[in-house]
Structures are given as C-alpha cells and as structure tokens.
Amino acid sequence: PKKLFENNLSATKSALEISSKLNLKLIFPSSTSIYGSAKEDVHEDDDSFINPQSPYAECKAEEEILIKKEGLEDSTILRLGTIFGTSPGMRFHTAVNKFCWQASLNQPITVWKTAMHQYRPYLDLNDACKAFIFFLKKQQTNSSTFNLNTANYTVSEILNSIKLNKPDIKIKFVKSKIMNQLSYLVLNKKIKALGFSFEGNLDAGITNTFKWIEGKNN
C-alpha cells in the first residue's frame, strides 16, 4: 500500500501541476472499486456510496479528492468498471479474462464462494477507449465525474457466457478472503445523457478473448 500511494499520488500531483500550469484538459481514469456494497443503484453524484475496500481503491479516492480540490476548469473523472476484451497487452488477473484463461487451459475456474451472485460493473475495452476519445473531443467548461461501465454482471452470468464457447467448464469454489467482497449495481445514465453510447457485449468480448488466446497458443 505504501508504494502504491507513493507512486500513484505523486504521479497524479504531477499531472495536476502540469495541467494547471499549461491550462490543459485533464481526464483521470478512476475506478468503480471506490464504491462499497449498496442496496440502491450507485450513481456518481452521491459521495455516500464511496467506501473503498482495498488500498488501490483508497488511493483512487484520494486522487479524486486532489483533482477536485485543484479546481481545474476542464477536468473529467471517469470511474471505470473492470475491463474485459482483447488487447496487445492482455491482463489475466481480473474476473472475465482470468476465467477465460483458466477455461482455455482446461483448468477449473476458481470462484469465491460468496461471489457467485454478486453484481459488479464491467467495462468493454473498446467502450473505454471510445469514452476517452469522446471526452478529448468534447468542449467542456466545468469539471464532472462519470461512471464508465458497459453493464453490471454477476459471476454466474459471466460463467454462462463462457459456456457458450466452452460448455464443459468446471467450477472450483474457494473460500480465500478477497479485498472486494462486494455487490453493487452501478448506473451509467449520466454519461449516456451526454450522448455517449456503449457498444460492448459480454458474449462477443468473451468469444474474442478465446480466439485471442487460441491464436497465441498456436
């Protein structure tokens, strides 16, 4: 945690100083992990939903506070859901990509016992890229925060989507404690109201991930 805060907070401070000095637009990639479990649908304009459960999430929340205190004329905070979809530098420690990797190797998919029916926000990588381009081009005179998630899915829904590509997957339930044992539904109405549309699709993203893995293994 100490190294994470030293690195990330100092980098954000530097970005803020440069943006302020040169009057630049700032787009900050935050995370929906700053939220905690919620019975209501989570939206970005109510700070009572903010309850980070990991050092990473705590740091993102601190970075958001720094940005808001700076009071830049044109800054946007995007709270990203968990990324899925293919890229040249694939990461396999997040839920969707990790499950696809395990299934492709005929390994049991490891699921935390309490997480099967928990809702979490997920973000198609193409939607993420499109959103950054959207705000780079957008003329904005005031600062704001937006949830950026294609949809909310449960682990059960993700596994059902994986079964469309690999019907014989095996599930292994584990009891290991995880940092974010949370369930919450994140609204993305605010960004849609600006005219942004989400085009990502979980089934397509998973199918493309299997194709990517198979291509690398050949």
Side-chain angles (χ1 to χ4, degrees), residues 1-4 8 29-39 42 49 51-61 79-128 147-186 188 198 200-218:
K2 183 180 177 182
K3 287 288 185 183
L4 184 147
N8 290 15
S30 187
S31 172
T32 53
S33 66
I34 70 169
Y35 298 127
S37 290
K39 294 180 180 179
V42 175
F49 289 120
N51 184 25
Q53 303 292 305
S54 69
Y56 171 79
E58 289 172 6
C59 190
K60 285 294 186 186
R79 291 175 180 164
L80 279 65
T82 301
I83 295 285
F84 67 91
T86 58
S87 70
M90 287 286 286
R91 300 190 309 161
F92 290 102
H93 68 281
T94 54
V96 177
N97 292 352
K98 179 183 179 182
F99 292 163
C100 290
W101 178 257
Q102 290 175 321
S104 71
L105 297 178
N106 296 313
Q107 296 178 353
I109 293 177
T110 51
V111 178
W112 285 287
K113 205 164 189 178
T114 58
M116 197 68 170
H117 302 292
Q118 291 179 343
Y119 275 100
R120 298 292 293 273
Y122 291 89
L123 176 62
D124 180 270
L125 182 58
N126 290 324
D127 282 339
N147 289 330
L148 187 60
N149 60 302
T150 302
N152 299 282
Y153 302 110
T154 64
V155 171
S156 178
E157 288 172 330
I158 293 169
L159 294 178
N160 287 336
S161 187
I162 289 174
K163 286 177 183 178
L164 297 175
N165 294 272
K166 201 166 179 66
D168 56 345
I169 60 171
K170 296 179 180 179
I171 312 298
K172 179 183 178 182
F173 291 103
V174 295
K175 296 180 180 179
S176 307
K177 186 177 180 180
I178 58 175
M179 290 183 180
N180 289 318
Q181 299 191 59
L182 309 171
S183 182
Y184 52 98
L185 286 159
V186 174
N188 58 13
F198 290 90
N201 177 280
L202 182 65
D203 291 346
I206 285 174
T207 296
N208 289 334
T209 300
F210 274 104
K211 288 180 180 176
W212 186 95
I213 294 169
E214 290 165 4
K216 292 294 181 183
N217 288 340
N218 289 338

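Note that these values count all heavy atoms, side chains included, but never hydrogens, waters or copies made by symmetry. Treat the numbers as computed from the prediction; the structure is a model and nothing was measured.
- Under a 3.5 Å cut-off, the side chain of Asp127 and the backbone N or O of Gly200 do form a donor-acceptor pair.
- At least one side-chain heavy atom of Ser30 sits under 4.5 Å from a side-chain heavy atom of Arg79.
- The structure places CZ of Arg91 at 9.5 Å from CG of Leu125, a figure rounded to the nearest 0.5 Å.
- Under the ring pair (Phe, Tyr, Trp, His ring centres under 6.0 Å) criterion, Tyr119 pairs with no residue, sequence neighbours left out.
- The closest side-chain heavy-atom distance from Tyr35 to Asn51 is not below 4.5 Å.
- Summarising the geometry, atom CD belonging to Gln53 is positioned 7.0 Å from atom OG belonging to Ser37; distances are rounded to the nearest 0.5 Å.
- Between Trp212 and Met90 the shortest side-chain heavy-atom distance falls below 4.5 Å.
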- Query: Is there a side-chain hydrogen bond (donor to acceptor under 3.5 Å, both in side chains) between Asn208 and Thr86 once you walk through the steps?
  - Reply: CA-CA 7 Å; Asn208 289 334; Thr86 58; 5.6 Å; no

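- Residue Tyr122 is tested with Val186, Thr150, Ile158, Thr32 for a side-chain contact (heavy atoms from CB on, under 4.5 Å); the sole match is Ile158.
- The shortest distance between side-chain heavy atoms of Phe210 and Ile162 falls below 4.5 Å.
- When all heavy atoms are compared, the tightest approach of Val155 to Phe99 is CG1-CE1, 3.9 Å.
- Two residues are said to be in side-chain contact when any heavy atoms from C-beta on lie closer than 4.5 Å; Val96 and Tyr153 fail this criterion.
- Taking CG of Leu202 as the start and CD of Glu157 as the end, the distance is 8.5 Å to the nearest 0.5 Å.
- Residues Thr154 and Gln118 bring no donor and acceptor atom of their side chains to less than 3.5 Å of each other.
- Between the CD1 atom of Ile109 and the CG atom of Leu159 there is a distance of 5.5 Å, given to the nearest 0.5 Å.
- To the nearest 0.5 Å, atoms CD (Glu214) and OG (Ser104) are separated by 8.0 Å.
- Minimum interatomic distance between Ala204 and Asn201 (heavy atoms only, all atoms of both residues): N-OD1, 2.8 Å.
- Taking all atoms of both residues into account, the shortest heavy-atom contact from Ala103 to Ile169 is CB-CG2, 3.9 Å.
- We find the SG-CD1 distance between Cys59 and Ile34 to be 11.5 Å, quoted to the nearest 0.5 Å.
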- Task: Evaluate side-chain hydrogen bond (donor to acceptor under 3.5 Å, both in side chains) for Lys166 paired with Asn106, printing each intermediate quantity in order.
- Result: CA-CA 9 Å; Lys166 201 166 179 66; Asn106 296 313; 3.0 Å; yes

- Query: Which is it for Leu148 and Asn188 under the side-chain contact (heavy atoms from CB on, under 4.5 Å) test, yes or no, and what are the steps along the way?
  - Reply: CA-CA 6 Å; Leu148 187 60; Asn188 58 13; over 6 Å; no

- Message: Quick one, Thr110 with Gln102, criterion side-chain contact (heavy atoms from CB on, under 4.5 Å). Give me CA distance, side-chain angles, the key distance, then yes/no.
- Response: CA-CA 8 Å; Thr110 51; Gln102 290 175 321; 3.0 Å; yes

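- Heavy atoms only, all atoms of each residue included: Pro55 and Leu4 are closest at O-CD2, 3.8 Å.
- Residues Ile171 and Pro108 fail the side-chain proximity criterion, which asks for heavy atoms closer than 4.5 Å.
- Annotation for Tyr184 and Ala38: closest pair CB-N, 4.1 Å, computed over non-hydrogen atoms.
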- Could you check Phe173 against Met116 for side-chain contact (heavy atoms from CB on, under 4.5 Å), going step by step and ending with a plain yes or no? CA-CA 9 Å; Phe173 291 103; Met116 197 68 170; 4.0 Å; yes

- Task: For the pair Leu164 and Asp203, evaluate side-chain contact (heavy atoms from CB on, under 4.5 Å) and give the outcome as yes or no after the intermediate values.
- Result: CA-CA 8 Å; Leu164 297 175; Asp203 291 346; 3.7 Å; yes

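- Using the six-membered ring where Trp is involved, Phe92 and Trp101 have ring planes that are tilted, between 30° and 60° apart.
- What you find for Leu80 and Pro29 is that their closest heavy atoms are CD1-CA, 4.2 Å.
- With sequence neighbours excluded, the residues that form a ring pair (Phe, Tyr, Trp, His ring centres under 6.0 Å) with Phe49 are His43.
- Side-chain contact between Leu123 and Phe84: absent, with no pair of heavy atoms (C-beta onward) separated by less than 4.5 Å.
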